[in-house]
K.L.:
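Pasting in a structure now, in structure tokens, and then I'll have a few things to ask.
If you're wondering where the values come from, they're calculated on a predicted model, not measured in any experiment.
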2 protein chains.
Amino acid sequence: MAIRPAEQLIHKAAWLYYAHGLRQDEVANQLKISRASVAMYLRKARETGIVNISTSTQLFTDDVMARRLEDAFKLDAVWIAPENAYVADPSTDIAVLAASVFLELVKKGDRIGVAWGRTVYTIADIMSYADLQDVTVVQLCGNLGAPYSYRPDQCTMEIARRLNAKGLNFYAPLVLSTEELAQGLRAEPVIRDQLAGIADCDLALYSVGAVDADSHLVKCGALTPAEMTTLRGQGAAGVIAGQVIDASGEVLDCSYNRRVISAELASLRAIEKRLMVVQEDSKFEPLLAAIAGGLCTHLVIGAHMAERLLAHAGAASKKAS
Amino acid sequence: MAIRPAEQLIHKAAWLYYAHGLRQDEVANQLKISRASVAMYLRKARETGIVNISTSTQLFTDDVMARRLEDAFKLDAVWIAPENAYVADPSTDIAVLAASVFLELVKKGDRIGVAWGRTVYTIADIMSYADLQDVTVVQLCGNLGAPYSYRPDQCTMEIARRLNAKGLNFYAPLVLSTEELAQGLRAEPVIRDQLAGIADCDLALYSVGAVDADSHLVKCGALTPAEMTTLRGQGAAGVIAGQVIDASGEVLDCSYNRRVISAELASLRAIEKRLMVVQEDSKFEPLLAAIAGGLCTHLVIGAHMAERLLAHAGAASKKAS
DNA sequence: CACGGCTCTCGACAAAAGTCAAATCAGGGC
DNA sequence: GCCCTGATTTGACTTTTGTCGAGAGCCGTG
């Protein structure tokens, strides 16, 4: 891997252009290639993360609402994507913001836990490339052989690819048919090590799932709509890394959860920075549950969700007094 | 400082352009301003560090020579600027590299010690802007009221400005006329605190000065050429943060050093990352002294200097065996 | 309220960057 | 040795971006 000559050229071109501020034709002269090639190399440099263009996400934390949310829910940092939408599609707006925030939080040498879901995959897909050495991306929960492109291992691998990092997948099914089998599998050295390593992460990226018939768990066949309804009746409030949690953010005591191979919530809570991203307004309750369970220290949401959260916090504190 | 409306616009434009990848005219439409204004805002955004464009400096560490130097001198990382010069002025080449390396090493919340000299000022001058919150830049040594633009406080302030950080100057003279006065001044609470705080830095940036008539110390009137010659005779090998060191990298026992107000070498050594940048080939011996004294963990030099260092290391190890 | 002085904004032009199809090159297989 | 394949490079063209001077808005001042 000792830097191929082509890569060397990309590096040099990027260096002259971005660090020294030469124009493309000047770079072309220096390197004795055509300007068109320089343009091409520069694109590659951007795509591979040899150059990093990042925009400060301050604007979105500096908001008064964000500050109030931080206080109300004891969060380390909150980013609010304006709903009025600068841009055509409002839901990608949150994802773009989340990707920037994520890249801002990652540091060299970090170990990053990644869960799965449409949100996470959208973020991965939209995230720009970076050239982090010594970063490991680990998968937080077992796999689902779904026809979706956002399978847990896909999310992990895609993010690893973007960061130029090592991806650590684990190939156990997310959910098994019997509790015994799940228990046995969890005890397998390969799996056990992977699960144990999760608490060592420096940063986690996940969203929270809703407990309804539209949930990924249903779509992927892990649960039937009927089972979902039953779980809801039993107090299920959300889904984190494939596990069903109740309104207080604890694992719901149910057969399904006992059959799941995924990160223990305690391990997740041991991770210093837990970045939760929520796109859909419908995930209000699941988000509340996740926050209640201390599963989130950094939060990226839309303006509308932010307002609901604040209103809720206000009502709660009024009731308390 | 609650974000002025103009700044808000800059942020939004930068966000749409760099994060969402819209074209300038699309951004202009969104924000209902002319495209020319957008271009202007974007320039401001780059200038103020709202967007960060950084290029990986890997190319310069990945060099075989750099690795060998790291081994030979037990350094954490070495960057070598190719001498053949991509670009017109070879000395700025090193400074540009140093600035990039520096920005790569800085992290949020860091405390950064900055010394002074032409090299440091060149770096400050060339360094691109960044938007680091919670960063403090502290001055490592007393001031010299020189007509030069690279006074210690200037270096500190300029770097602080570029990083959007807090600058902590200290207004004591670098050198006093009597040892008693220096001692008294060092005991002053303001000065004492500043000096004590140096060991808490996470990162230091300095160069090393030569012990000759061209030295800054002479140009700024701190020492006469004759005194310099005398010091040289007494074993002076280099200048670090205004202090004269011997070949082993220890403070030389001389009146001048006792009259200086500057960071103790022990404090400097307590700093985790000590980034030393050397532009001039003539500073070979001073650099050796600084390395010997453990005053440098990260090193940025030119190719020629790198060769000399390696040759020296080779000769030394041959002699030893 | 009229007047500079100031900053901000715009339109038009010039410069730079992006793109694409054609040409060239390298290397492997026959 | 020759031809084919795929990747790289290039010149010519188009689109996008940077810049500049003119004009518009905004204030504090006389």
K.L.:
For B/N29 and D/dT16, give me the distance from atom CG to atom P, rounded to whole Å.
P.N.:
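Whole-Å distance recorded here is 12 Å.
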K.L.:
Please check the phosphate of D/dT8 (OP1 and OP2 only) for any side-chain N or O of A/Y41 closer than 4.0 Å.
P.N.:
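For D/dT8, OP1/OP2 do not have a side-chain N/O of A/Y41 under 4.0 Å.
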K.L.:
Looking at C/dA17, D/dT17, D/dT19, which one has an atom nearest to any side-chain atom of B/Y17?
P.N.:
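Comparing C/dA17, D/dT17, D/dT19 against the side chain of B/Y17, the answer is D/dT17.
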K.L.:
Please determine whether side chain to side chain contact (heavy atoms under 4.5 Å, CB included) holds for the pair B/L275 and B/V300, giving the CA-CA distance in whole Å, both sets of side-chain angles, and the decisive distance to 0.1 Å.
P.N.:
CA-CA 8 Å; B/L275 176 60; B/V300 177; 3.8 Å; yes
K.L.:
For the pair B/R118 and B/E280, find out whether any cationic side-chain nitrogen is under 4.0 Å from an anionic carboxylate oxygen.
P.N.:
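Between B/E280 and B/R118 there is a salt bridge, with a charged N closer than 4.0 Å to a carboxylate O.
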K.L.:
Can you tell me the distance, in whole Å, between the NZ atom of B/K32 and the P atom of C/dC8?
P.N.:
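In whole Å, C/dC8 P lies 22 Å from B/K32 NZ.
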K.L.:
Is any side-chain N or O of A/S37 closer than 4.0 Å to OP1 or OP2 of D/dT10?
P.N.:
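Answer is yes, contact under 4.0 Å.
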K.L.:
Take atom CG of A/D25 and atom P of C/dA14, then tell me their distance rounded to the nearest Å.
P.N.:
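Spelled out: CG on A/D25 to P on C/dA14 is 18 Å.
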K.L.:
Please report the distance, rounded to the nearest Å, between NZ in B/K44 and P in C/dT9.
P.N.:
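Going from B/K44 (NZ) to C/dT9 (P), I get 8 Å.
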K.L.:
Please report, rounded to the nearest Å, how far the C1' atom of D/dT8 is from the CG atom of A/L9.
P.N.:
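Value for this atom pair: 11 Å.
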K.L.:
Classify the side chain of B/R35 and the base of D/dG18 as holding, or not holding, a donor-acceptor pair under 3.5 Å.
P.N.:
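Between D/dG18 and B/R35, which were checked side chain against base, a qualifying N/O pair under 3.5 Å is present.
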K.L.:
Under 4.0 Å between a side-chain N or O of B/R43 and OP1 or OP2 of D/dT19?
P.N.:
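It does, given that an N or O in the side chain of B/R43 lies less than 4.0 Å from OP1 or OP2 of D/dT19.
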K.L.:
Distance check needed: D/dT10 C1' versus A/I33 CD1, whole Å only.
P.N.:
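It is 11 Å, rounded to the nearest whole Å.
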K.L.:
Can you tell me the distance, in whole Å, between the CG atom of B/L22 and the C1' atom of D/dT16?
P.N.:
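Rounding to the nearest Å, CG of B/L22 and C1' of D/dT16 are 14 Å apart.
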K.L.:
Using modelled atom types only, decide if a donor and an acceptor are shared between the side chain of B/T92 and the backbone of B/A95 within a distance under 3.5 Å.
P.N.:
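No.
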K.L.:
Name the closest nucleotide to the A/A36 side chain, picking from C/dC8, D/dT9, D/dT10.
P.N.:
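The nucleotide sitting nearest to the side chain is D/dT10.
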K.L.:
With a non-hydrogen cut-off below 4.0 angstrom, is A/L42 in contact with a base, only sugar-phosphate, or nothing?
P.N.:
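The answer is nothing, as A/L42 stays clear of every strand by at least 4.0 Å.
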K.L.:
Using a strict threshold of under 4.0 Å (side-chain N to carboxylate O), is an ion pair present between B/R162 and B/D125?
P.N.:
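Yes.
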K.L.:
Give the nucleotide from the list D/dT9, C/dG18, D/dT17 with an atom nearest to the side chain of A/R46.
P.N.:
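For A/R46, the side-chain atoms sit closest to C/dG18.
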K.L.:
Indicate yes or no: does B/E70 engage B/R67 in a salt bridge with an N to O separation below 4.0 Å.
P.N.:
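So B/E70 pairs with B/R67 through a salt bridge.
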K.L.:
From C/dG11, D/dG11, D/dG18, pick the nucleotide closest to the side chain of B/S34?
P.N.:
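Shortest atom-to-atom distance from the side chain points to C/dG11.
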K.L.:
In whole angstrom, what separates A/M40's CE from D/dT8's C1'?
P.N.:
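Checked: the CE to C1' distance equals 6 Å.
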